[in-house]
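These notes concern the structure reproduced below.
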Amino acid sequence: MRESNIPNKILKWYDNNKRILPWRKKTSTKNREYFTLVSEFMLQQTQVKTVVPYFEKFIKNFPNLKSLASANDQKILKHWEGLGYYSRARNLKKTAIKILKEFNGNLPKDVEKLMSLPGIGEYTSRSILAIAHNRPYIPMDGNVERIIKRIFLLKEEKEISKENLIKKKAFFSYSKRSNDYAQAIMEIGALVCKPISPSCSICPLTLNCKAFKKKDFLVKSKNKLNKTKYFEACIYRHKNKYLLIKNKKFNFLKNLVIFPMNEINEKKFKYSLSKKINIKMSNMNMKIIISENNKLKKTRDSLLVDKSNINKHILPSFTKKIFNSLQN
DNA sequence: TGTCCACGTCT
DNA sequence: AAGACGTGGAC
């Protein structure tokens with residue numbers, strides 16, 4: 001093995017350092033396809049550590065494509081509760097159905113067919129090809145992108161264009177052990193070549209890394225300034241029952257259960273004497289007044305939920321946070 | 001406290 | 001094609 005062979009260095013590191021993860025267990029081809037599908041959906045925008053317990057529970061309840069395709073939507077969502085980006089769960093079911101109907105229950109083996117499935121885009125299609133089908137693809141996720149930028153010390157707008165990154169990615173091409181190799185690169189990104197304070201002393205690629213040589217790790221600050229929006233949450237309580245509603249009003253957490261809310265202006269928020277809490281959402285910071293004892297009419301979408309029964313509903317963390325703030 | 005991760009997918 | 005969609009943990 002030549003010292004300069006990057007794929008070999010990466011794989012050797014992986015063999016010695018990979019995490020034991022439930023979707024990496026040796027299993028049948030069919031299971032591997034299904035495990036890859038489920039885990040990759042869960043891993044979109046979500047860290048490994050968060051996904052692990054969800055994956056295990058999900059697989060127990062929906063052990064194969066068929067059971068998932070025929071499962072009740074609410075039951076699927078219940079097992080997604082707290083994971084966020086709930087359209088992933090809805091799309092996963094649609095994809096399971098489509099695979100059974102249109103592809104005879106076989107996970108497709110080319111990018112176009114995979115991308116035709118709901119919830120599968122460029123990243124996931126390539127990760128499935130590599131991980132489930134052992135094809136020589138390297139999916140471009142945040143980890144891979146960061147590694148490429150550092151290895152080649154890419155900083156200019158032009159250099160970090162998508163096309164250029166894909167071109168540079170070819171530098172890592174390798175045709176064997178594609179399953180391990182794709183996961184290995186992402187694993188190095190997650191465990192070693194971290195966004196902040198990378199662990200260069202244990203990195204197998206330091207000799208190949210321009211960022212390391214220049215001591216310039218491109219710690220980026222995108223400064224995506226999230227806007228702040230103001231809301232009033234109306235808490236109607238009767239003894240131990242709370243009024244919740246199925247959200248049709250706001251674009252976030254669509255069709256999930258929330259406390260009734262209105263958007264308000266900054267002034268009203270500022271001068272309110274009610275309890276206030278902050279909740280971060282994906283693209284905004286929410287500042288919320290907790291107004292208790294409001295009189296509310298029951299509507300078609302409202303439900304009166306007993307405190308002890310509250311977990312029977314699918315509650316996004318957003319709702320749980322507000323609920324918890326009431327208990328203090 | 002506030003910022004970042006977080007290119008992932010869909011609209 | 002810019003913005004929407006959740007969450008939690010590191011720092």
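Each chain gets a letter, A, B and so on, in the order its sequence line appears, and its residues count up from 1.
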Would you classify [X] as touching base, sugar-phosphate or nothing, given that sugar-phosphate means primed atoms plus P, OP1 and OP2, and contacts are heavy atoms under 4.0 Å?
X	value
A/S317	sugar-phosphate
A/Y85	base
A/L117	sugar-phosphate
A/Q44	sugar-phosphate
A/E122	sugar-phosphate
A/K320	nothing
A/L43	nothing

Would you mind reading off the distance between [X] atom [atom1] and [N] atom [atom2], rounded to a whole angstrom?
X	N	atom1	atom2	answer
A/N143	B/dA6	CG	C1'	10 Å
A/L83	B/dG8	CG	P	14 Å
A/N278	B/dG2	CG	P	7 Å
A/N247	C/dA4	CG	C1'	14 Å

- Looking only at atom P, what distance separates B/dG2 and C/dG6, rounded to whole Å? 23 Å
- C/dC11 and B/dA6: how far apart are their P atoms, nearest whole angstrom? 14 Å
Does [X] make a side-chain N or O approach to OP1 or OP2 of [N] shorter than 4.0 Å?
X	N	answer
A/K280	B/dC4	no
A/T46	C/dG6	no
A/R146	B/dC7	no
A/Q45	B/dG8	yes

- Name the closest nucleotide to the A/K49 side chain, picking from C/dG6, C/dA10, B/dT9. C/dA10
- Note on the structure: Comparing A/K194 with A/F250, nearest DNA chain C nucleotide closer to 5' gives the residue A/F250
- Which one is paired to C/dA10, where only Watson-Crick or G-U wobble pairs with both distances under 3.5 angstrom count? B/dT3
- Pairing nucleotide - C/dA2, Watson-Crick or G-U, each distance under 3.5 Å: B/dT11
- Query: Nearest heavy-atom pair of A/A182 and A/P139: which atoms, and what distance?
  - Reply: CB-CD, 3.8 Å
- Geometric cation-pi criterion, A/K168 with A/F152: 6.0 Å, 45°: yes
- With a cut-off of under 6.0 Å to the ring centre and 45° to the axis, is A/K254 in cation-pi contact with A/Y86? no
- Item | Flag for A/Y123-A/E40: side-chain donor and acceptor within less than 3.5 Å | yes
- Message: With rounding to the nearest 0.5 angstrom, report the CD1 to CD distance, A/I76 to A/Q74.
- Response: 10.0 Å
